> 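Supplied in structure tokens, the structure appears directly below.
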There are 2 protein chains.
Amino acid sequence: MTDSPYQVIKRSIAQGIAAGQWQVGQALPSEHALVRQFSVSRMTVNRAMRELANENLIRRVPGVGSFVAVPAAQSALVEIRDIADEIAARGHAHSARILHLARIGAPADVAAAFGVSVASILYFSRILHLEDGVPLQLEQRYVAPHLAPAYLDQDYALITPHAYLSRVAPLREGEHQVRAVMPDSLQTRLLQTEVDEACLVVVRRTWSNAGLVSLAELWHPGARFALTGKF
Amino acid sequence: MTDSPYQVIKRSIAQGIAAGQWQVGQALPSEHALVRQFSVSRMTVNRAMRELANENLIRRVPGVGSFVAVPAAQSALVEIRDIADEIAARGHAHSARILHLARIGAPADVAAAFGVSVASILYFSRILHLEDGVPLQLEQRYVAPHLAPAYLDQDYALITPHAYLSRVAPLREGEHQVRAVMPDSLQTRLLQTEVDEACLVVVRRTWSNAGLVSLAELWHPGARFALTGKF
DNA sequence: GAGTGGTCTAGACCACTCA
DNA sequence: GAGTGGTCTAGACCACTCG
């Protein structure tokens, strides 16, 4: 899957940081030391470290060394909210129907977003979230197996995937994309939308320190859902 | 400044794309060709191209080639940005068609959002923003007359309403709501959307220190526009 | 089989920092 | 001067696609 040498080194460093093996601000091994440790050439180590720096996991200072970065200031730009919490906050009842839960081969677009090869094994869940029994969100989620090995064994009627993943792989950063899309027939049926009703789709990718954890497609009925924000 | 070989190559390709030297979807020169053209090693070309791919400027397909990526029109979820700036930042040309500019009586829903009585006088503008001649945003804006008395006298082909309002009534806070809606026939015609193409609608209210300045409905073609955000 | 991108090697030179 | 990261070279092997 993700087993080329530079990725092995990246993961090793990232997990070491996540595990607290190195404290914030502390110096990491030099490139030369990693060359010896992993028995690779310096270009390979360099690429791993450069990418970690791009991801703001480490900070590199020419002539000095590489250091564990201070964790990104988590300002409340766009908070990531749990659908169950949101519904509860409105004083309504949340329920969930688990429609699909399995390991699957990554489709081409998902593989590209995940940075893995097509047909790599991912965990997949399709869950319909209802508010007072009315469909509000169809959640289709792809999860990196090695970052949440027990993902398929949870009972998502009791805990949402987002809540579970937050526990086993705390999120470091995320990214969403919001689109307006017409649903296909499956989605229309599940969300019980009218003909000619669009869907608001949020595609959300979340990273823990160890890498990309999950890609979620959240489909909402256009007539019954809006995203709001203040600034 | 930024004159190392891989950066020179990056800039060369990026500018070529911006200048239309290669069309969207078109194949770019292979790494081997670039090696000859720039007289560098393949690792150097590879780094340039890999970074362009990370920046979503090009798409690379192993065994096939590198191609100019479809320029995903994207806009920030949280920050409020001027549509003209956004388009310019992508290296494209912004233009605007002023469709309507007048004082009108507030419709019921707008009056409610503004906190004024129905049929109160508001300024109204309807402007179509185009990216390289293609419609990207239909802006329908209601403005409080006493907070921007000269609103109707501006030339919105030269300055966007948002830019003008930012000058005369600096925004203190704002609020948006994002929805997926099917356009009506007027909107379909103006935005040149396909049948069965939804619109992503942002309704944005902005306040200056003196009160609610403006309510804007921003309609975007669903197939050509997405909002993005990071956290 | 020819062409493509993905990755790696084993060196190298440079500018920089620190003691 | 010893150590660091930034960058580059001139090859190489691989998996993949396409005709």
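Convention: sequence-line order gives letters A, B, ...; per-chain numbering from 1. Remember, it's a predicted structure, so these values are computed and weren't measured experimentally.
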> Would you please classify the geometry between the A:Phe225 ring and the A:His220 ring as parallel, tilted or perpendicular, with 30° and 60° separating the classes?
parallel

> Any ion pair linking B:Arg60 and B:Glu31 (charged N to carboxylate O, less than 4.0 Å)?
yes

> Do A:Leu99 and A:Ile127 make a side-chain contact, defined as non-hydrogen atoms from C-beta onward lying under 4.5 Å apart?
no

> Hey, which of these two, A:Val64 or B:Val61, hits DNA chain C nearer its 5' end, going by closest nucleotide?
B:Val61

> Is the shortest side-chain N to carboxylate O distance from A:Arg126 to A:Glu139 below 4.0 Å?
no

> With distance as the sole test, does A:Thr188 use its side chain to make a donor-acceptor pair with the main-chain N or O of A:Asp184 at under 3.5 Å?
yes

> Could you tell me whether A:Arg50 atom CZ has more than 12 heavy atoms of other residues or ligands within 6.0 Å of it?
yes

> If you walk 5' to 3' along DNA chain C, what is the first nucleotide with an atom under 4.0 Å of a heavy atom in chain A, and what is the last?
C:dT7 to C:dT17

> Using a 4.0 Å cut-off on heavy atoms, which residues in residues 36-47 of chain A reach DNA chain D? List them by number, or say none.
A:Arg42, A:Met43, A:Asn46

> Regarding A:Tyr123 and A:Ser214, is there a side-chain donor-to-acceptor distance under 3.5 Å anywhere?
no

> Stems involving DNA chain C: give each as a range paired with a range, ordered by first number, where a stem means at least three consecutive Watson-Crick or G-U wobble pairs under 3.5 Å.
C:1-18 with D:1-18

> Is the A:Tyr156 to A:Tyr151 ring centre distance short of 6.0 Å?
yes

> Do the side chain of B:Ser166 and the main chain of B:His162 share a donor and acceptor less than 3.5 angstrom apart?
yes

> May I ask you to say whether A:Glu175 pairs ionically with A:Arg204, meaning some side-chain N is under 4.0 Å from a carboxylate O?
no

